[in-house]
Amino acid sequence: MIRNVAGLTAPRHLWLLGLLGVFMNPVFAVSPPAPELKYMSPKCVSMLEAQRTAPNAVRYQPSFAELRRNYQEQCSENQAEARRRLYEEKRKSQQQTAEQEREMKKQQLLSDNAAKLKSAQCIEMREALEARKRRTHMTDGEIRDLGLFETRYKERCP
């Protein structure tokens with residue numbers, strides 16, 4: 001086996017160098033892309049993305065500072081306008097959602113009220129029907145009316 005100056009075999013030496021390389025060049029976590037990108041100009045998008053991913057690519061700090069300075073000079077107004085548009089879109093979306101919820105609640109309330117009214121009417125019709133059936137001496141017309149009333153009750157109140 002071939003040994004180097006430090007007394008390590010070649011595979012161990014390469015492994016150690018790789019391990020040191022990982023610790024010497026830490027990988028920074030990349031922040032997620034800005035939500036307002038879809039409203040920004042393509043030039044500013046590329047500058048912002050370069051700035052966002054720069055910690056992994058740029059090791060020379062003055063060049064990173066230059067990236068930031070160029071972006072601030074050329075795109076700060078564009079990003080402010082993009083944020084304004086994004087927040088306005090979110091606000092409109094929230095308003096639409098709130099309006100839809102109000103409309104659904106209103107429809108549910110109307111439906112509940114209609115069901116309560118129908119239930120109350122059915123109870124009233126049943127009581128009137130029972131009262132008419134208890135009568136002993138009815139004419140032919142009253143018997144016919146009782147039959148019609150009972151038919152209507154069965155149609156409306158299953």
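Qualifying side-chain contact (heavy atoms from CB on, under 4.5 Å) partners for R91, counting only residues two or more places apart in sequence or in other chains: E88, Q95. Partners of S119 under the side-chain contact (heavy atoms from CB on, under 4.5 Å) rule, at least two apart in sequence or in another chain, are I123.
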**Request:** Start with the C-alpha distance between R152 and E155, add both sets of side-chain angles, then the distance that settles salt bridge (charged side-chain N to carboxylate O under 4.0 Å, His left out), and finish with yes or no.
**Result:** CA-CA 5 Å; R152 287 190 185 134; E155 288 173 357; over 6 Å; no

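Cluster note: Y39 groups with L86 through ILVMFWY side-chain heavy atoms spaced under 4.5 Å, whether in direct contact or through intervening members. Under a 4.5 Å side-chain heavy-atom cut-off, the cluster of Ile, Leu, Val, Met, Phe, Trp and Tyr residues that includes L48 is completed by L37, M40, V45, M47, Y71. Hydrophobic cluster of I143: the remaining members, joined at side-chain heavy-atom separations below 4.5 Å, are M125, L129, M138, L146, F149, Y153, listed by chain and number.
With a 4.5 Å cut-off on side-chain heavy atoms, E36 and Q79 count as touching.
Atom CD of Q74 sits about 11.0 Å away from atom CD of Q72, to the nearest 0.5 Å.
For the disulfide (SG to SG under 2.5 Å) condition, the pairs that include at least one residue of residues 81-158, sequence neighbours left out, are C122-C157. Listed by first and then second residue, the salt bridge (charged side-chain N to carboxylate O under 4.0 Å, His left out) pairs involving residues 135-149 are R135-E142 (not counting sequence neighbours). Applying the disulfide (SG to SG under 2.5 Å) rule to pairs touching residues 65-116 yields C44-C75, sequence neighbours excluded. Residue pairs meeting the salt bridge (charged side-chain N to carboxylate O under 4.0 Å, His left out) criterion with at least one partner in residues 124-133, sequence neighbours excluded, are K133-E150. Sorted by first and then second residue, the disulfide (SG to SG under 2.5 Å) pairs with a member in residues 77-121 form an empty list; sequence neighbours excluded. Under the salt bridge (charged side-chain N to carboxylate O under 4.0 Å, His left out) criterion, the residue pairs touching residues 70-81 are E81-R84, with sequence neighbours excluded.
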Side chains of residues 96-108: which donor-acceptor pairs under 3.5 Å do they make with residues two or more places apart or in other chains?
| from | atom 1 | to | atom 2 | distance (Å) |
| --- | --- | --- | --- | --- |
| T97 | OG1 | S93 | O | 2.9 |
| E99 | OE1 | R102 | NH2 | 2.7 |
| E103 | OE2 | Q107 | NE2 | 3.1 |
| Q108 | NE2 | D112 | OD1 | 3.0 |

